[in-house]
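What follows is a set of notes on a single structure, which appears directly below.
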Amino acid sequence: MLRSHTCGELNINNIGQEVTLTGWVQKSRDLGGMTFIDLRDRYGITQLVFNMELDPGLCGKARKLGREYVIKVTGKVAERSNKNPKMPTGDIEIIAESFDILNESKTPPFTIEDKTDGGDELRMKYRYLDLRRNPVKRNLELRHKISIETRKYLDSEQFFEIETPFLIKSTPEGARDFVVPSRMHSGQFYALPQSPQTFKQLLMVAGYDRYFQLVRCFRDEDLRADRQPEFTQIDCEMSFVTQEDILNTFEGLAKHLFKTVKGIDIEEFPRISYDDAMRLYGSDKPDIRFGMEFVELNDLAKEKGFVVFDKAELVVGINAPGCGNYSRKQLDKLTDFVRKPQIGAQGLVYVKYNEDSTFKSSVDKFFDQEALKTWAAKLGAKPGDLMLVLAGATDKTRKALNELRLEMGNRLELRGKDVFKPLWVVDFPLLEWDEDSERWHAMHHPFTSPKPEDIGYMETDPGKVRANAYDMVINGVEIGGGSIRIHNKDLQKRMFTLLGFSDEEAQDQFGFLMNAFEYGAPPHGGIALGFDRLVALFGGSDSIRDYIAFPKNNAGRDVMIDSPSGISQEQLDELGLKIVE
RNA sequence: GGUCUGGUAGUUCAGUUGGUUAGAAUGUCGGCCUGUCACGCCGAAGGUCGCGAGUUCGAGUCUCGUCCAGACCGCCA
């Protein structure tokens with residue numbers, strides 16, 4: 001090693017020692033007669049001192065060091081006369097005796113500091129400089145810790161980590177595939193896996209009854225703050241298990257991670273059915289850090305002469321505690337919020353429960369004080385509260401009220417970053433109707449098993465069939481999901497038929513899996529957790545980008561290496577490809 | 001595919017109703033300074049106002065188009 005110590009470890013106990021440090025020049029403070037330099041490496045910052053009286057030549061040379069120069073310095077650890085309690089190494093400094101410039105540096109385009117002056121665009125372009133900054137470093141350290149603890153836990157539960165291929169084949173279901181042209185088989189393509197789904201099921205057939213992998217997955221869909229074209233999953237599968245076994249095992253993983261990484265004991269891990277989640281929160285990933293559950297008001301609100309309610313399929317409200325003093329302006333803002341195209345509500349009905357126990361509402365014309373009192377009773381509202389009511393088609397109205405509920409949660413600061421409320425959402429529907437293609441789609445994926453008691457409805461009333469499928473949700477973020485799979489060839493065939501596959505198509509796309517099911521496939525099931533999202537959640541951020549060393553932007557572009565990019569004509573020819581303008 | 005927000009000095013931003021030579025902070029460079037740690041003081045350099053058209057006597061400012069970035073809707077088994 002070129003160094004004897006790191007820049008984070010020297011303290012009062014090292015006084016008098018001769019040490020050699022390496023690192024980057026964070027900042028220099030030139031006082032004329034003496035110069036202080038903060039030397040930074042991954043482990044911390046240590047102050048170097050150069051003194052004109054002691055060594056004018058060395059000090060003069062040090063005064064010329066620019067930011068981010070890489071140097072190696074040798075000197076003696078000394079106690080500071082002016083200590084800095086703000087830094088871990090603040091009690092000591094290195095009285096420099098010699099140094100070498102290992103590499104010079106151009107002045108970086110933004111400051112390498114916790115609160116940098118650099119914008120996102122610039123930081124992404126110079127990501128290797130951004131990664132020098134503490135906040136990003138801490139995020140990657142967090143990611144590292146969570147991956148290590150995940151492996152520790154799953155290893156202790158007898159899981160095998162097994163790698164699966166990246167060059168696989170394109171399948172019609174699900175997200176768009178990233179595709180890789182084959183040179184040796186002109187006109188043919190590999191696809192990158194959207195997940196190792198079929199491979200892990202084959203591993204179950206092979207008898208590896210507890211598998212996991214921290215694995216990259218690829219989906220060619222439009223991006224968001226919490227979605228990258230390539231992302232990492234904690235992918236798991238187990239054999240000879242019930243849904244209950246899987247929920248318990250991964251509840252255990254979540255609790256282990258919260259305990260070991262954040263020092264938090266998760267007491268409750270409630271389970272809620274998909275139907276209840278939709279009814280009470282209007283979302284299949286409810287944020288249960290706060291209450292404000294939906295209360296349906298059809299029986300109290302309909303047929304009272306208010307045409308909006310009368311023609312609505314659903315009238316549903318929430319009670320916002322302590323918001324009864326909202327001004328007209330604030331209420332108008334909430335109305336604007338729900339009327340935004342992304343939210344899609346037509347309007348908002350409010351009922352203020354005044355401190356004097358009277359009511360003031362936007363529907364006073366249709367509902368007297370007595371009627372509004374029954375609303376308040378049902379919503380559990382108290383004087384000083386504000387009831388917010390939406391009406392319309394069931395799905396749309398629930399979706400809009402979900403957004404409004406989360407907005408009120410934000411306004412009332414009920415969604416603290418340090419509070420973690422996980423839950424399982426279970427009993428998802430097996431299928432959902434797709435308006436565009438006019439056919440049933442698998443809500444989870446085509447290998448998800450229906451609940452035995454619902455199998456009879458598969459052909460007669462497919463929408464009614466519930467699946468052995470579950471999602472892990474924390475703080476309103478879908479962290480992952482899974483299911484008990486189909487392990488029977490005939491049932492898998494029926495599923496493919498439901499999804500509109502001909503026998504030939506099913507055989508062509510998934511024949512390898514159905515064939516495998518003929519050789520003693522054990523009952524099995526599993527789960528995949530979004531690792532990036534989990535890390536971001538632990539770090540208290542909505543965006544996963546700062547937890548990935550080299551992320552892509554919201555157009556799927558890596559602005560540092562400038563990809564994607566064109567390839568040469570030679571490469572195109574070799575692959576038998578032609579670009580069509 | 002759509003909606004919204006933004007693009008001005010190396011960087012982060014301000015820029016009035018369309019009107020003189022486009023400002024501040026920070027960074028950079030030079031000078032001074034022996035206990036700084038957001039060092040301080042003095043000085044200097046630094047601008048395709050994203051790009052292109054249009055309106056106007058006159059555009060950083062208004063209009064249209066376009067590119068880039070970000071957020072969201074659709075999409076994401």
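The chains referred to below are lettered A, B, ... by the order of the sequence lines, with proteins before strands, and numbering in each begins at 1.
With both pairing distances under 3.5 Å, rA59(B) is matched to nothing as a Watson-Crick or G-U wobble pair. If you check rC64(B) for Watson-Crick or wobble pairing at under 3.5 angstrom, you find it paired to rG52(B). Base pairing of rC76(B) is not made with any nucleotide, judged by Watson-Crick or G-U wobble geometry with both donor-acceptor distances under 3.5 Å. For rU34(B), there is no paired base (Watson-Crick or G-U wobble, both distances below 3.5 Å). rG23(B) and rC13(B) make up a base pair, with Watson-Crick or G-U wobble contacts both under 3.5 Å. In this structure rC4(B) sits in a base pair with rG70(B), meeting the Watson-Crick or G-U test at under 3.5 Å. For rG47(B), there is no paired nucleotide, since no Watson-Crick or G-U wobble pair has both relevant distances below 3.5 Å.
A donor and an acceptor atom sit less than 3.5 Å apart, one in the side chain of N84(A) and one in the base of rC37(B). Judged by distance alone, with hydrogens and angles left aside, D117(A) brings no side-chain donor or acceptor close enough to the base of rG27(B) to form a pair under 3.5 Å.
Between the SG atom of C217(A) and the CD atom of Q194(A) there is a distance of 9.0 Å, given to the nearest 0.5 Å.
Distances shorter than 4.0 Å separate some side-chain N or O of K86(A) from OP1 or OP2 on rA38(B). Listed pair R224(A) / rG74(B) fails the phosphate criterion, with no side-chain N or O lying under 4.0 Å from OP1 or OP2. Under 4.0 angstrom from either OP1 or OP2 of rU34(B) there lies no side-chain N or O belonging to N51(A). OP1 or OP2 of rC39(B) lies within a sub-4.0 Å distance of a side-chain N or O belonging to R29(A). Phosphate contact (OP1/OP2 of rU26(B), side-chain N/O of K27(A), threshold under 4.0 Å): absent. Using a 4.0 Å cut-off, no side-chain N or O of R63(A) falls inside it from OP1 or OP2 of rC32(B).
Here F110(A) lies out of heavy-atom contact (under 4.0 Å) with every strand. When heavy atoms are screened at a 4.0 angstrom cut-off, K106(A) is found touching no nucleic acid atom at all. Looking at heavy-atom distances under 4.0 Å, Q47(A) makes contact with a base. Within the 4.0 angstrom heavy-atom criterion, no nucleotide atom of any strand lies near P341(A). Here E93(A) lies in heavy-atom contact (under 4.0 Å) with a base. Heavy atoms of L223(A) sit nowhere under 4.0 angstrom from any nucleic acid atom.
Judged purely by distance below 3.5 Å, without hydrogens or angles, the side chains of E9(A) and T6(A) pair a donor atom with an acceptor atom. Looking only at atom types and distance, the side chain of D562(A) has no donor-acceptor partner in the side chain of S565(A) under 3.5 Å away. Side-chain atoms of Y281(A) and D287(A) include no donor-acceptor pair closer than 3.5 Å. Checked by atom type, the side-chain pair Q509(A)/E505(A) shows no donor-acceptor distance below 3.5 Å.
Comparing the same atom, P, in rG74(B) and in rG60(B) gives a spacing of 41 Å after rounding to whole Å. Comparing rA24(B) with rG43(B), their P atoms sit 13 Å apart, to the nearest whole Å. Taking atom P on both rU8(B) and rG40(B), the two are 27 Å apart, rounded to the nearest angstrom. When the P atom is compared between rU34(B) and rU26(B), the two are found 23 Å apart, to the nearest whole Å. Rounded to the nearest Å, the gap between the C1' atom of rG70(B) and that of rC64(B) is 23 Å. Taking the P atom of each, rG10(B) and rU28(B) are spaced 15 Å apart, rounded to whole Å.
Residue order along RNA chain B, read from the 5' end via each residue's closest nucleotide, puts T111(A) first among D120(A) and T111(A).
When ring centroids are compared, F166(A) and F218(A) come within the 6.0 Å threshold.
Side chain of D558(A) to main chain of I561(A): a donor-acceptor pair is present (N/O by atom type, distance under 3.5 Å, no hydrogens or angles).
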